[in-house]
Amino acid sequence: MPLALALVCGLCGPGAAQVAPSNDPSLQAADCVIPAKAGGGFALTCELARDALQAVRPLRPPLNQRYMPGGIGAVAFDRIATGELGGPGTLVAFSSGSLLNLAQGRFGPHPPSVVKWVAVLGTDYGVIAVHKDSPYKRLQDLVAALRQSPSRVVFGAGGSVGSQDWVKAALLVRAAGSEHRAMRFVSFEGGGDALNALQGRHVDVFAGDAAEALKAMESGVSLRILAVLSESRLGGGLQGVPTAREQGVDVVWPTVRGLYISAATPDAVSDAWAKAFRDAMAAPGYPALLNKYGLYPLSMTGAPLHQYVDQRLTEYRELAPELGLRRWKKQ
């Protein structure tokens, strides 16, 4: 066995997936598909996956980042389902928003079983943010404006009506005591475009995720985060940012960040990828990587991940009619 291959196999440890090292996809060139434009949470997911894999598979080629925008994940899911995209070297980023859209049938006439859920790498949390010079200095200021006239406030976020970010905005408007159908919402193909619109004062409020907001702030976007949609205050870049709940607005929205692969791939292949990411998430340097990308610890693979997805799909199917959202196809 060549020395390089022996070193990589030494990283695999006991219980590695039952594939020959030469066929192990976690050691080969592969793509991480980002199903949106640049600057959003899907891009962060693939960047984290690339860096985490490299730490435990240092001899593998870096995971290639491949953009495939369209429907905030719908195009990539459809191409996986129809076989136009796939294979052992194709991973696709997903989030809680993907599961919400899937639960509503917004990913086309495809059941969840057309993919295998490989890993959840961490969790993000929703945020409500405004331009740094916005008249809304606190969440209560925004709530007061929404209570008076929800149509006067323009929300901007990734996805259309019914998307994860739209739901965050709708829940906020409802919590303010107003009718969420009266709010104004501008949809973008990803959080990056929405944040650019906020920077240009084309929208008033960004209802998105913490990681993409923090990354935008690091790049110079003028933001003020009014609230994080977590159960309790968070550390890292959100140190000191109050939750919506502690400001009297009972809205909590965690956003998992993970990867899936085509269900057409053999179990040994998906198991090998899951094993690789378990190794990555157990590595000593992984907490620092999570912090780098503005995420918080949540690690799942295998049966626990599939159970989590099933549970979330059920919850989201129940949430949809509460918000008057149409189920496009029974899933």
At what distance, to the nearest 0.5 angstrom, does CZ of Phe277 lie from CG of Leu121? 6.0 Å

Determine whether a donor-acceptor pair (N or O, by modelled atom type, separation under 3.5 Å) exists between the side chain of His131 and the backbone of Arg201. no

Between Val167 and Gly162, the two heavy atoms sitting closest are CG2-O, 4.0 Å

Atom of Pro254, atom of Thr123 and distance for their closest heavy-atom approach: CB-OG1, 4.1 Å

Which distance, rounded to the nearest 0.5 Å, do you find between the SG of Cys32 and the CG of Leu259? 5.0 Å

What one should report as the nearest heavy-atom pair of Tyr296 and Leu234 is OH-CB, 3.5 Å

Taking the side chain as C-beta and beyond, is there a heavy-atom pair between Ile225 and Leu238 under 4.5 Å? yes

Just by modelled atom types, is the Ala176 backbone N or O under 3.5 Å from a matching donor or acceptor in the Arg147 side chain? yes

Within residues 233-259 or reaching into it, pairs that qualify as ring pair (Phe, Tyr, Trp, His ring centres under 6.0 Å) - sequence neighbours excluded: Trp253-Tyr316

Does the Lys116 side chain pair with the main chain of Ser113, one donor and one acceptor, at a distance under 3.5 Å? no

Taking Asp78 for its side chain and Val75 for its backbone only, find out whether a donor-acceptor pair lies under 3.5 Å. no

Ring pair (Phe, Tyr, Trp, His ring centres under 6.0 Å): which pairs involve residues 69-109, sequence neighbours left out? Phe77-Phe107, Phe77-Tyr260, Phe94-Trp117

When rounded to the nearest 0.5 angstrom, what is the spacing between CG in Leu146 and OG in Ser151? 10.0 Å

Indicate yes or no: at least one non-hydrogen side-chain atom of Leu100 is less than 4.5 angstrom from one of Arg106. no

Name the residue from Val130, Val127, Leu198 that meets the side-chain contact (heavy atoms from CB on, under 4.5 Å) definition with Leu223. Leu198

Using a strict 4.0 Å threshold on nitrogen-to-oxygen distance, state whether Arg312 and Glu315 make a salt bridge. yes

Could you tell me whether a side-chain N or O of Lys37 sits under 3.5 Å from a main-chain N or O of Pro69, the two making a donor and an acceptor? no

So, the side chain of Thr45 versus the backbone of Arg257: is there a donor-acceptor pair under 3.5 Å, distance only? no

Test item: Thr255 and Lys168 side chains (from C-beta on) under 4.5 Å apart, heavy atoms: yes

Between Gln65 and Glu47 (side chain of the first, backbone of the second, donor and acceptor by atom type, cut-off under 3.5 Å), is there such a pair? yes

Do you know which two heavy atoms are closest between Val114 and Ala81, and how far apart they sit? CG2-CB, 3.8 Å

Does any non-hydrogen side-chain atom of Leu313 lie less than 4.5 Å from one of Arg317? yes

Can Gln307 and Gln311 be counted as having a side-chain donor-acceptor contact under 3.5 angstrom? no

Check whether any side-chain N or O of Asp124 sits under 3.5 Å from a backbone N or O of Ala211 as a donor-acceptor pair, and report yes or no. yes

Is there a donor-acceptor contact under 3.5 Å from the side chain of Arg224 to the main chain of Lys132? yes

Non-hydrogen side-chain atoms of Gln247 and Leu226 separated by less than 4.5 Å: no

With rounding to the nearest 0.5 Å, note down the distance linking OG in Ser96 to CG in Leu102. 12.5 Å

Should the pair Asp271-Lys275 be classified as a salt bridge under the 4.0 Å nitrogen-to-oxygen rule? no

With a 4.0 Å cut-off on N to O distance, would you call Asp204 and Arg152 a salt bridge? no

Is there a donor-acceptor contact under 3.5 Å from the side chain of Glu246 to the main chain of Ser232? no

What closest approach, in Å, do Arg60 and Ala30 show between heavy atoms, and which atom pair accounts for it? NH2-N, 3.8 Å

May I ask you to test the Phe188-Val203 pair for a side-chain heavy-atom distance under 4.5 Å? yes

May I ask whether Val161 and Met183 are part of the same hydrophobic cluster, defined by side-chain heavy atoms of I, L, V, M, F, W, Y residues being less than 4.5 angstrom apart, directly or through others? yes

Would you say the side chain of Glu212 lies within less than 4.5 Å of the side chain of Phe42, judging by non-hydrogen atoms? no

Strictly by modelled atom types, are Ser26 and Asp24 linked by a side-chain donor-acceptor pair under 3.5 Å? yes

Check whether any side-chain heavy atom of Glu231 sits under 4.5 Å from a side-chain heavy atom of Thr243, and report yes or no. no

With sequence neighbours left out, write down each residue that passes side chain to side chain donor-acceptor pair (under 3.5 Å) with Tyr136, or none if nothing qualifies. none

